[in-house]
Amino acid sequence: MSTETPPTTSESARPATSANSRPVAANSNGNGGSNGPGEITTEQVAHLANLARINLTTAEIAKMTVELAAIVENVAKVTEVATPDVPATSHPIPLTNVYRPDVVGETLTQEQALSGAPEHDGSRFRVSAILGEEQ
Amino acid sequence: MSHDLTRLSASNLAEKLTSGEVSSAEATDAHLNRIEAVEPDVHAFLHVAADAARATAKAIDARRADGEKLGPLAGVPIAIKDVLCTIDMPSTAGSKILEGWVPPYDATVVKRLRAAGLVPLGKTNMDEFAMGSSTEHSAYGPTHNPWDLDRIPGGSGGGSAAAVAAFEAPLALGSDTGGSIRQPAALTGSVGMKPTYGGVSRYGAIALASSLDQVGPVSRTVLDSALLHDVIGGHDPRDSTSLRDEWPSFAAAAREGAATRSLKGLTIGIVKELQGDGFQAGVTQRFQEAVELLTAAGAEVVEVSTPSFEYAISAYYLILPAEASSNLAKFDSVRFGLRVNPVGGGTVEDVMSATREAGFGPEVKRRIILGTYALSAGYYDAYYGSAQKVRTLIQRDFARVFADVDVLVSPSAPTTAFKLGEKLDDPLAMYLNDLTTIPANLAGVPGISLPVGLAPEDGLPVGIQFMAPAREDARLYKLGATLEALLEDKWGHTLLSQAPDLAPQEMFASEEGAV
Amino acid sequence: MAKAELMPYDKAIEMFEPVLGFEVHVELNTKTKMFSDAPNFFGGEPNTNVTPVDLGLPGSLPVVNEQAVKYSISLGLALGCSIAPSSRFARKNYFYPDLAKNYQISQFDEPIAFSGSVEVELPDGRLFTVPIERAHMEEDAGKLTHVGGATGRIQGAEYSLVDYNRAGVPLVEIVTDIIYGAESDAPELAKAYVSTIRDIVVSLGISDAKMERGNLRCDANISLRPRTAPGEPPAKLGTRTETKNVNSLRSVERAIRYEIQRQAAILAKGGTITQETRHWHEDTGETSAGRPKSDADDYRYFPEPDLLPVEPSAELIEELRAALPEAPALRRRRLKADWGFTDLEFQDVVNSGLLNEIVATTAAGASAQSARKWWTGEIARVANVRGVDASSLVSPLHVSELVALVDAGTLTDRLARQVLDGVIEGEGTPDEVVASRGLAVVSDDGALIVAIDEALASQPDVLAKIRDGKVQAAGAVIGAVMKAMKGQADAARVRELVLERANA
């Protein structure tokens, strides 16, 4: 038994971008990006299902592709009025600087922490072998 | 006796508890009996905690007997939507993936209602992760509308609404992301309030869409919702989006509204975009009659236009799936919930994918995939980004009209309750049920639904929705209580007294029956 | 793993220009985690320092630790960054079992600090300016333990165990801009950069900054581009690799050197570099291929809806700026001048990593030269033998007391080393060790004179030489006296007395 050394949990887009640009939007044509908004392919749905970690059968993918295409066609309406001069709103009620003092509070017991676990070794959660690497 | 106790409003029951005329144990027993009698038909509950409820009731009675000063709702039974974490009851959010999961903590609102001495009866059914408008997307089977068991009770909080409408509980907690409190209230003839975003803590409410979710009260009267709101509301340091406002007593506002019965000086705006084509005739008719009543009571009623509401559903069905796709990523079989091991084993990635395939229902999968799409590289700006801009436009519309009117009014839902299965295979048709309720969530403003009668064509309840500027929740309770009083004056009874008695074989069958 | 072919370093630099970039993660030493009030402490019993938030339990919500924000602002300022008037948290979505929510709360397009630079001193004393793109706040992940499999590493493991005690520990990620011009100094620059970041966070008091414990972690990006003839435009940037798992200053240097040599060998043969993460192996001194990076990486960042924008007031920023300690590079320059050290002496101190200890020792009263001599000499030697940090052996106060005893003539250097040994062994303060071990210098001239007379009497030839003016001959007598006194005599005083008695 051994442990991996601490993984790094984040990475930044590189080549570096300026602090206030959106690297993803700016430098990526993403998955199946040749399709314009509204067009959805089965390959895309399969890719999305993989990103979302949901197994789908071929039949489910086919059905989902049709449903998603119909939904996306409808919701794409938002682009009609979302002009560049309109700022985005992410929170319904604007607040800022909501903080917590750096004071230790109550923690769960180990038993409570593990109480819902499908599998554990008495102190840690147990999972099957991991294929991929840390991000 | 037992039957009568279930017919009392929470405030009336509370008075009898305070005076000592009735004990909490008796009231709790009456509701547990009613649950036993009607649940086979209604299926409002996913879990009934009969023993715990009886024990809690006895403890409250003992404290009262000791002369302890208890809160106004102490001893009153309550049903809790299964989206809320409860330390002593499973909390599944209507999903297989959380079957049997008992959280190691209570949601803040649950803590507060326990502290106030309310008696939790159990957990109510809901569309899986609150995704739906009919409660048909529950992994544990649908809830039936007490007015017509072949019909849906609305959703996602169909369980809470049906529980109060079927007299299984005088009060319930709901959560409202796009109408999940208000639309079921309308479809079951009950009252439901979505507070101002941040007015009630979300801590311990299993998140659907964080920027839209709001916990709120479900009841049979406006005053009861106000009383419950007083218990659960207020700042919670565990929810960063919780407002620090000092809130007025909503119960006092409701009592004032019921007492005065006058709306002089109040300007009400009818939302042009939330009526007309697509609204059932009987819905429109009862809505207009209610508006006439408001006018007769002295309100100035004007029509206002909010053009960007046309885009609300589209924005909502991008923002919600996007946030939900991320919020629901935590259901991965590692720390809690279901685990499905693929045949022949597999990596943790395989296990996660197999678990989520088996554990999520089709609507949840649909929305997760849609949300993943809306956030993915190359589409973010067109979809999620645009939807957040529409949100700005909708807020501006609200701000503009609220400069001229005190409250807005619309039907709570375009139709009365539809048949089970009717829209299940047509997601887009299902999404349209939330047309009227979604704008309030996008803007964070409060909205209340209360019953205004039965649609002549089908005899099913119709609800009216009022919306007020953010933080003006009290205004809705006051106005709602006034309209409720005016309607009951006119009818000579409550609307829910008209509902079919679902348990004629019940020991204390009501002599009133269905009037 | 097949041994990669490497090009000799000098040749690699002759053919290619190394282009660098670093991502350094700093764990902040706040009392609680970034988004929960669980203690910011890991190690110990697994899954005990967790709340529903750290386990990502359904219904739980994050709340930002105010102290972590202040620390991040201070760090941003120390890195010469602008502090964003408004910055936001964002969710970085990806599934991994150590990530409780399967998204990491980080900052994306609106980091708290951006556009700064850090002066880094190369071993030869030259300064190099490293451009900083940004510093942003985020949360750490839990810890995985891989069980089974031949190597015990992730590959071939049968199953893995997860401890979320570290989940939610506050991190600041410091991202450099692309660094050009390091040339052959690239490995040394890398080491000096990480060392400087460490000095900065230690001087700010915001991190324990122990690389071996993962408090400070460096991911090193490197690519090579072919050199072009003078006057020609530069070649376009080569494909980069990101080397992870580099957990000591020495490894940072070695890993960069290795990657330059490895990439150069591939490119020289007409091969291509795969864009991937690479793992540094301390034992073999090599990197190995990790996860390929591709356009399929799609983290679906979006603004964290459970958190609100961070908008520090100008007053707060100025308050934190005013409280900043002196920049490490400036401080070093000032100390060198104050202490009057030679370049060599000062470089010796810097390389020993004991600058702060020497400062503290001089503050306690010792001269800079004495403090330097003890810390970089005997104490460093013992630390090296024992394989521990010199700073963990003895306190600066005790070192200054030891120096004072030597200066007062109570101890000789040799005795002082024995006293130091006692202090290290936990026998008490230097004064206490002197007393308990009976190590003070014999300052009673009477006892010395008896011993000297004896020694002179037994070595008449030496006595004669001394009387003839051959003063250096006194050494033999001094040695005998010191031996007789078991070293507890001041050699200078013995010498004085020997000459006095010989010529008496």
Side-chain angles (χ1 to χ4, degrees), chain A residues 22 24-25 28-33 37 40 44-45 47-57 60 64 67-68 70-72 74-83 86-93 95 98-100 108-109 112-119 125 127-132, chain B residues 101-102 104 196-198 211 237 240-241 243 308 311 314-315 317-318 325 332-339 345-354 356-357 360 365-366 368-370 372-373 376-383 385-393 395 427-428 442-444 470:
Chain A
R22 288 194 60 90
V24 164
S28 172
N29 56 3
N31 32 81
I40 301 213
Q44 236 176 332
V45 171
H47 172 76
L48 294 169
N50 181 48
L51 273 181
R53 290 275 193 280
I54 300 175
N55 279 346
L56 292 179
T57 63
E60 282 172 323
M64 184 88 70
E67 287 168 349
L68 273 190
I71 296 168
V72 168
N74 272 272
V75 298
K77 193 177 176 179
V78 292
T79 56
E80 291 171 15
V81 285
T83 48
V86 180
T89 296
S90 54
H91 289 89
I93 310 286
L95 297 172
V98 178
Y99 302 130
R100 172 178 63 72
L108 295 174
T109 63
Q112 284 177 314
L114 297 170
S115 63
E119 209 180 341
F125 299 88
V127 297
S128 304
I130 300 164
L131 182 67
Chain B
W101 181 62
V102 181
T196 296
Y197 183 84
S211 73
S240 303
T241 61
L243 299 174
S308 38
Y311 301 91
S314 296
Y317 279 99
L318 286 165
S325 71
D332 64 357
S333 83
V334 177
R335 293 158 305 281
F336 44 79
L338 182 73
R339 174 175 292 183
T347 63
V348 69
E349 291 88 344
D350 299 331
V351 176
M352 286 181 183
S353 299
R356 291 163 64 81
E357 176 188 28
F360 289 144
K365 289 179 192 169
R366 192 150 45 223
I368 289 176
I369 301 284
L370 175 60
T372 305
Y373 175 70
S376 63
Y379 298 110
Y380 178 95
D381 289 339
Y383 292 139
S386 295
Q388 298 282 44
K389 290 183 170 192
V390 167
R391 196 167 190 165
T392 307
L393 297 175
Q395 289 198 335
L428 277 170
L442 289 170

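Given the structure is predicted, the values throughout are model-derived calculations rather than measurements. The sequence lines fix the lettering, A, B, ..., with proteins before strands; numbering per chain opens at 1.
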Of B:S333, B:S308, B:P237, B:S325, the largest count of non-hydrogen pairs under 4.5 angstrom with chain A goes to B:S333
Check: B:D350/B:S353 side-chain N/O donor and acceptor closer than 3.5 Å:
no
At a 4.5 Å cut-off on heavy atoms, which part of A:T83 comes close to chain B: side chain, backbone, both, or neither?
backbone
Quick one: which of B:L393, B:I368, B:V334, B:V390 has the most heavy-atom pairs under 4.5 Å with chain A, could you say?
B:V334
Taking side chain as C-beta onward, heavy atoms only, is B:S240 less than 4.5 Å from A:R100?
no
Most heavy-atom pairs under 4.5 Å with chain A, out of B:T392, B:L442, B:T372, belong to B:T392
A:A117, A:A88, A:A113: which one forms the most heavy-atom pairs within less than 4.5 Å of chain B?
A:A88
Given heavy-atom pairs under 4.5 angstrom as the criterion, report whether the side chain, backbone, both or neither of B:A315 touches chain A.
both
How close do B:Y197 and A:I93 get, counting heavy atoms only, and between which atoms?
O-CG1, 3.4 Å
Pick whichever of A:P118, A:S115, A:A82, A:A52 has the most heavy-atom pairs under 4.5 Å with chain B.
A:P118
What pair of heavy atoms forms the shortest contact from A:V72 to B:Y373, and how long is it?
CG2-CE2, 3.6 Å
Looking only at non-hydrogen atoms, find the nearest pair between A:L48 and B:S376 and report the distance.
CD2-OG, 4.4 Å
Kindly compute the distance separating CD (A:E67) from CD (A:E60), expressed to the nearest 0.5 Å.
10.5 Å
Region of A:L95 in contact with chain B, defined by heavy-atom distances below 4.5 Å:
side chain
Taking side chain as everything from C-beta outward and backbone as N, CA, C, O, which of these in A:Q112 sits under 4.5 Å from a heavy atom of chain B? Side chain, backbone, both or neither.
both
Minimum heavy-atom distance between B:S211 and A:S90, given as atom pair plus value
CB-O, 3.5 Å
Which answer fits B:L428, side chain, backbone, both or neither, if we ask what part of it has an atom under 4.5 Å from a heavy atom of chain A?
side chain
